[in-house]
Structure formats: structure tokens, C-alpha cells
Amino acid sequence: MAHWLFKSEPSSWSWDEQVAAGEAGTAWTGVRNHLARKHLQAMRLGDQGFFYHSNEGKAVVGIVEVIREYYPDHTDPTGRFGMVDLKAVEPMPEPVTLEAIKAQPELADMVLIRNSRLSVQPVTDEEWRIVRRLGGL
DNA sequence: GCCAACGTTGGC
DNA sequence: GCCAACGTTGGC
């Protein structure tokens, strides 16, 4: 099972809103980057990912799960991009800040650090384990 | 609010 | 197909 990281500015879509969407989840609209799209296409039902708040917060705040695989993003006028559906699984008991991630030598190669602008990122099994542990899971 | 990094666009 | 100009993202 692969792991991922989804970035969102809380002012446009926050963890609280994701939780409020419940079991039905929501479509992760708005990805307009080819590499991010490649990651969306590689996602499978049941894959889990980190929900990261960018700008305000700058922390991993929860775990989400893929509940629908890649399909066209109706908000994309060009029709070139797609999306997946996500639902909230559980919050991090302790948000894992960007600062805390940077402080971990084992996490120096995380895409979050190396290519901070990418909005949908792969997370290795080891990174998954370490960040979960930092967050108290 | 600034600016570096990076992706995209469009003229040639 | 190259590359300058431009827009956006996101950390600081």
C-alpha cells in the first residue's frame, strides 16, 4: 500500500472541513501540475496519506484515505487533469510541524523538504512510520 | 510582504 | 525547440 501527502492551505480547504465531509469524503480538485497528476493516477483505493496544512500551520494534521481512484476533474476547463476522492481517517494527536520534520535527519529527503511546491507527493514507508510516530500515532 | 523556486506560456 | 517573461506557490 502506497503512502502520500496532500497539501492544502487551510484558508481554502482545511482539515476541519475534511473531517466535516465525513465518510462520503470529497473530491481533491484543483491539481494542475503534471507530476502531481502522475501521483494522483498512481493512487489506489485504500491508500492513505498525510493531510498537510501549508502557509498557516505548516504541519501534518491528519490522515486521509483514497476512496475513489483517479477520474476527470470537472473544475479543469482544459479537461487534462483529474482527481481522487479522499475521506478523513483520523487526526494526528500531535500535529507534526514542518520544523519538526526538518529537525529529523531521516526525513531530510522527504519531497516536502526537497520540492516544497509540489502539492501531491509520495511518502516512503519509512517516512510514513516516522511522521506517524512523531504525531503520536 | 518579500522572494526563491519552479511551471507554463508564447514569440521567434 | 528554445528561452524570456510571467504567474503561482509557499516558506520566511
Side-chain angles (χ1 to χ4, degrees):
Chain A
M1 202 78 84
H3 301 299
W4 311 96
L5 182 145
F6 300 87
K7 272 195 316 202
S8 184
E9 288 200 40
S11 58
S12 48
W13 183 251
S14 70
W15 171 250
D16 285 348
E17 289 171 283
Q18 186 70 59
V19 169
E23 286 295 305
T26 48
W28 199 258
T29 57
V31 169
R32 299 292 183 266
N33 170 285
H34 292 109
L35 189 51
R37 177 177 62 182
K38 198 187 100 184
H39 297 318
L40 289 176
Q41 287 169 328
M43 291 177 190
R44 293 296 166 254
L45 275 183
D47 278 1
Q48 294 193 341
F50 292 128
F51 190 108
Y52 176 82
H53 275 166
S54 60
N55 274 315
E56 298 165 56
K58 282 177 288 182
V60 173
V61 291
I63 307 286
V64 288
E65 183 173 318
V66 176
I67 56 171
R68 180 173 175 187
E69 293 180 6
Y70 192 82
Y71 64 107
D73 181 346
H74 58 86
T75 69
D76 173 24
T78 72
R80 287 182 296 174
F81 292 93
M83 59 196 182
V84 298
D85 285 2
L86 299 177
K87 71 166 184 182
V89 175
E90 59 184 336
M92 305 301 276
E94 201 63 44
V96 181
T97 63
L98 180 62
E99 196 183 1
I101 289 171
K102 283 186 165 174
Q104 291 287 321
E106 309 97 306
L107 299 177
D109 285 335
M110 271 191 84
V111 179
L112 190 65
I113 309 298
R114 306 196 68 140
N115 184 3
S116 63
R117 286 188 50 195
L118 187 62
S119 62
V120 179
Q121 313 177 352
V123 171
T124 68
D125 290 348
E126 191 190 8
E127 291 161 355
W128 181 256
R129 239 179 336 99
I130 295 171
V131 173
R132 279 179 64 93
R133 198 184 59 223
L134 290 174
L137 289 176

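If you're wondering where the values come from, they're calculated on a predicted model, not measured in any experiment. Atom set for the values below is all heavy atoms of this structure, side chains included, hydrogens, waters and symmetry mates excluded. Per chain, numbering begins at 1; letters A, B, ... match sequence-line order.
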Problem set entry | Co-members of the apolar cluster containing M83(A) [side chain, <4.5 Å] | Y71(A)

For this session: Please name all residues satisfying side chain to side chain contact (heavy atoms under 4.5 Å, CB included) with V111(A), sequence neighbours left out, ordered by chain then number.
Result: N115(A), L118(A), Q121(A), P122(A)

For this session: List for me each residue that meets side chain to side chain contact (heavy atoms under 4.5 Å, CB included) alongside D76(A), sequence neighbours excluded, and say none if there are none.
Result: R32(A), D73(A), T78(A), R80(A), F81(A)

For this session: Report the residues that fulfil side chain to side chain contact (heavy atoms under 4.5 Å, CB included) with P10(A), sequence neighbours left out, ordered by chain and then residue number.
Result: S14(A), H53(A), E56(A)

Exercise. Taking 5' to 3' order, which nucleotide of DNA chain B is first and which is last to have an atom within less than 4.0 Å of a heavy atom in chain A?
Worked result: dA5(B) to dT8(B)

Exercise. Is there a residue in residues 106-116 of chain A whose heavy atoms reach under 4.0 Å of DNA chain B, and which residues are they?
Worked result: none

Seminar exercise, completed: Students should find that the hydrophobic cluster of V89(A), defined by side-chain heavy atoms under 4.5 Å apart, otherwise consists of L5(A), F50(A), Y52(A), V60(A), I63(A), M92(A), V96(A), L98(A), I101(A), L107(A), M110(A), L112(A), I113(A), V123(A), W128(A), I130(A), V131(A), L134(A), L137(A)

Problem set entry | Partner set under side chain to side chain contact (heavy atoms under 4.5 Å, CB included) for P95(A), not counting sequence neighbours | A59(A), V61(A)

Problem set entry | Pairs meeting criterion side-chain hydrogen bond (donor to acceptor under 3.5 Å, both in side chains) with involvement of residues 92-112 of chain A, two or more places apart | D109(A)-R114(A)

